[in-house]
Amino acid sequence: MHMSDNDNLYPMRHSLAHITAAAVQHLWPEAKFGVGPVVKDGFYYDIDIPNVTISTDDFDKIEAEMRKIIEEKQAFERSEKHVDEAINWAKEVKQPYKEELLNDLKRSGTTVAKDLNADELGTIAEGDGAIENVSFYTNGDFTDLCRGPHVEDTGKVGAFKLSRVAGAYWRGKETNPQIQRLYGVAFETPKDLRKYLEMQEEAKKRDHRKLGVDLDLFVFSELVGSGLPMFTPRGTVLREEIENFSNELRQNRGFQKVSIPHITKKELYEKSGHWDKFGDELFLVKSQETKDELVLKPMNCPHHTQIYASKPRSYRDLPIRYLDTTMVYRDEKSGELGGLNRVRSITQDDSHSFCRQDQIENEIEGLLAAAKELYGAVGMELRVRLSYRDSSDAYLGKPEIWESAQSQLKNAVVANGLEFYEQEGEAAFYGPKIDFMATDAIGREHQVATVQLDFVMPDRFGLKYVDEEGSNQAPVMIHCALLGSTERFLSVYIEHSAGKFPVWLAPEQLRVITVNQEVETVAFAEKLVDQAKEKGLRVTIDNTNESVGKKIRATEVLKVPYSVVVGEKEIETGKLTPRVRKDLAVEGRQDEAYVVENLITSIANEARSRVQKSSL
RNA sequence: GCCGCCUUAGCUCAGCUGGUUAGAGCAACUGUUUUGUAAACAGUAGGUCCCCGGUUCGAAUCCGGGAGGCGGCUCCA
């Protein structure tokens with residue numbers, strides 16, 4: 001989490017975290033405090049009150065107490081203590097979490113566990129060695145271990161609101177006890193806060209889960225199960241159009257489609273290393289005859305290695321590029337599921353390039369260009385993250401190979417002119433990644449496209465090619481998914497577009513609406529529909545016994561890009577005035593009258609074009 | 001998986017602290033109307049109040065368990 005835009009809000013948000021803790025301490029004197037950092041749009045404080053669960057019903061009470069502290073304009077006073085003295089203080093005031101933090105400070109000069117994001121724990125000192133003195137801030141009767149900075153006094157904070165309370169593991173470790181995290185949002189002025197809250201309300205309207213129902217795109221069923229979405233006819237059109245685009249972008253670059261079974265012996269994953277790392281997240285299926293246990297595939301790369309390995313390969317053959325848009329299954333924990341964003345049946349637009357060392361850069365550049373083209377066409381700007389390994393033992397392969405792989409990825413990203421940020425600890429276990437990050441309606445970031453460099457998998461599967469000198473070499477494997485997963489892509493794309501899909505993606509592109517149900521009117525409309533179908537358009541007719549206004553409204557609600565009303569006038573003149581969804585409006589199009597043939601041709605041309613014409 | 005909250009018709013929601021046959025709008029269906037660019041009028045149908053168990057004379061409402069959803073945490077090949 002980066003605060004770049006909100007640096008000036010940092011001291012007051014952080015001060016509000018202290019004020020929150022102080023208010024909680026007034027209400028529940030036995031409360032134990034963890035950390036209270038600034039996060040996007042606000043702050044939180046980790047709190048543990050024995051036998052008490054804070055609920056949203058308590059927010060009024062806590063906020064009232066906070067206002068009291070704010071009105072008192074208590075000065076934030078900095079003081080220093082020797083670390084040993086501080087530890088004694090923590091013992092005295094019975095703050096075991098602070099005591100633990102202080103002991104870490106004493107030992108290593110940092111409270112940041114290696115697997116934690118330093119920014120998120122930004123309350124406390126960081127350092128490389130043991131330290132002597134630690135700083136405290138006191139306001140009124142509340143004193144907290146803290147690096148600062150703070151505003152001068154409690155009267156100088158902005159507008160705030162407690163937003164939610166959730167469980168969180170102490171110091172982010174699953175094995176630690178879970179305490180309560182009290183979140184607040186805070187802005188400089190009440191107006192800014194109101195604007196933020198209104199934006200959150202707006203965002204809910206474009207939530208893909210709501211639009212999925214409204215636009216009739218996908219459904220869940222309790223009978224089918226959690227995390228197992230099904231796509232309606234409209235949703236399936238959307239899926240297939242975007243998947244086809246993703247496939248074409250790579251088929252144009254020499255990728256060939258392959259096809260693999262959805263189950264396999266578990267030995268395949270033991271060999272790849274996935275079994276060790278993800279064994280408990282795999283679905284198992286049992287043969288009733290042999291009692292053999294098979295695995296429902298959680299990814300495709302090991303299968304693809306076996307196609308590569310099926311015959312000898314020459315250096316002349318490389319790169320060999322396989323492409324496979326197919327579903328994988330992962331037994332994600334129930335609490336991790338949500339909408340289309342995190343599901344158990346995941347469609348990957350997966351590809352694997354097997355290439356020589358000297359082909360890596362070119363290969364990656366091609367894939368990055370494909371990603372740029374795809375996201376450009378749908379009008380999405382993504383953040384590019386270089387995901388590196390960290391110092392933990394969660395990775396396979398030699399560190400020197402990792403170093404070289406990481407710098408090659410960086411070179412490719414730089415060569416492509418992409419802006420990026422680097423993050424350790426986000427790599428796959430077999431190699432570093434270039435991840436494209438998209439943001440959902442309520443500001444959460446999700447990985448979509450990914451390009452991954454892998455020296456480990458070819459080695460584990462003993463993949464080879466024969467080089468110019470006739471000796472065996474191991475190819476490099478480059479994993480890539482442009483959409484990432486179709487489901488996750490759609491979850492962010494639906495929210496990005498608010499369901500206003502461009503013509504080429506629209507499940508229904510044209511609707512022909514009759515003014516009445518006269519035989520001639522319906523016949524004319526049907527003829528129009530037939531012509532549009534011949535041009536390959538997705539077209540429907542609405543000749544129901546409803547008012548024209550109501551039928552128009554139905555197309556707007558479903559966000560059908562084009563509709564055309566036909567009646568006596570059109571039959572006589574043969575001229576049609578199309579109704580164009582507002583966000584699609586193209587210069588001159590609205591008022592211009594088209595003859596039937598031109599109208600349909602122009603919509604059909606637009607439907608074939610993947611360039612986004614709408615500006616969102 | 002963990003913490004908290006939620007679940008009433010296809011959708012959005014009413015239903016006061018437990019008290020008869022659980023309501024509305026939209027959607028659906030039927031009829032009247034034959035309609036001119038974002039909602040014609042009338043009627044009909046639609047509910048094991050998520051499921052199972054308990055408390056009670058009586059449960060949509062209270063308690064326990066389960067399922068599903070939501071927000072976090074953890075995880076994410």
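Contact check of residues 548-558 of chain A against RNA chain B (heavy atom, cut-off under 4.0 Å) returns A/V548, A/G549, A/K550, A/I552, A/R553, A/E556.
A/R209 has a side-chain polar atom (N or O) that falls below the 4.0 Å cut-off from OP1 or OP2 of B/G71. The side chain of A/R579 places an N or O atom within less than 4.0 Å of a non-bridging phosphate oxygen (OP1 or OP2) of B/A38.
The gap from the C1' atom of B/G66 to that of B/C26 amounts to 33 Å, rounded to the nearest Å. Spacing of C1' atoms, B/U20 relative to B/A60, comes out at 15 Å, to the nearest Å.
Computed from coordinates, the A/E546 CD to B/A27 C1' distance equals 11 Å when rounded to whole Å. A/F220 places its CZ atom 11 Å from the C1' atom of B/G68, with the value rounded to the nearest Å. The interatomic distance linking A/E520 (CD) with B/U34 (C1') rounds to 12 Å, in whole Å. Spacing between atom CG of A/L337 and atom C1' of B/C2 amounts to 14 Å, rounded to whole angstrom units. Between the C1' atom of B/C3 and the OH atom of A/Y183 lies a distance of 11 Å, rounded to the nearest Å. In this structure, CG of A/D216 is placed 12 Å from C1' of B/C11, rounded to the nearest angstrom. Following rounding to the nearest Å, A/Q178 (CD) and B/C75 (P) show an atom-to-atom distance of 13 Å. One atom, CD1 of A/I571, and another, P of B/G36, lie 15 Å apart when rounded to the nearest Å.
Checking B/A39, B/G4, B/A77 against the side-chain heavy atoms of A/T53 singles out B/G4 as nearest.
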Give the C-alpha distance, both sets of side-chain angles, the deciding distance and a yes or no for side-chain contact (heavy atoms from CB on, under 4.5 Å) between A/E63 and A/K161. CA-CA 8 Å; A/E63 286 180 359; A/K161 187 174 183 303; 3.9 Å; yes
Kindly indicate, with the supporting measurements, whether the criterion side-chain hydrogen bond (donor to acceptor under 3.5 Å, both in side chains) is fulfilled by A/T540 and A/E508. CA-CA 7 Å; A/T540 63; A/E508 181 181 344; 2.4 Å; yes
side-chain hydrogen bond (donor to acceptor under 3.5 Å, both in side chains) evaluation trace for A/E267 with A/W275: CA-CA 8 Å; A/E267 282 81 350; A/W275 182 261; over 6 Å; no
For RNA chain B, just give me the dot-bracket, please: Watson-Crick or G-U, both distances below 3.5 Å, ( ) intra-strand, [ ] crossing earlier pairs, | paired with another strand, . unpaired. (((((((..((((.....[...)))).(((((.......))))).....(((((..]....))))))))))))....
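Residue contacts for A/R342: at a heavy-atom cut-off of 4.0 Å it reaches a base atom on one of the strands shown. Residue contacts shown for A/A166 include a base, since a base heavy atom lies under 4.0 Å away. Using a 4.0 Å heavy-atom cutoff across all strands shown, A/Y430 reaches sugar-phosphate atoms only and no base atom. Among the protein residues, A/S55 comes within range of no part of the nucleic acid, since none of its heavy atoms lies under 4.0 Å from any strand.
A salt bridge links A/D58 to A/K61: at least one charged side-chain nitrogen sits closer than 4.0 Å to a carboxylate oxygen. Under the 4.0 Å criterion applied to side-chain N and carboxylate O atoms, A/R342 and A/E332 are assigned as salt-bridge partners. With salt bridges taken as basic N to acidic carboxylate O contacts below 4.0 Å, none links A/R234 and A/D216.
Judged by atom type and distance alone, A/E518 does not reach the base of B/U34 through any side-chain donor-acceptor pair under 3.5 Å.
Residues passing the side chain to side chain contact (heavy atoms under 4.5 Å, CB included) test with A/E487, sequence neighbours excluded: A/P229, A/F231, A/R239, A/M327, A/L340, A/V343, A/I346, A/T347, A/S485. Contacts of A/K266 classified as side-chain hydrogen bond (donor to acceptor under 3.5 Å, both in side chains), with partners at least two apart in sequence or in another chain: none.
Residues A/S226 and A/R344 share a closest heavy-atom pair of O-NH1, 3.4 Å.
Ring-centre distance between A/Y183 and A/Y44: below the 6.0 Å cut-off. Residues A/F354 and A/H304 keep their aromatic ring centres 6.0 Å or farther apart.
Applying the salt bridge (Lys or Arg N to Asp or Glu O under 4.0 Å) test to residues at least two apart or on different chains, the pairs with a partner in residues 544-565 of chain A are A/E546-A/K550, A/E556-A/R579.
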Extract from the structure each pairing of a protein N or O with an N or O of nucleotides 42-49 of chain B at less than 3.5 Å, listing the distance.
none

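Aromatic ring orientation, A/Y329 versus A/H262: tilted (interplanar angle from 30° to 60°).
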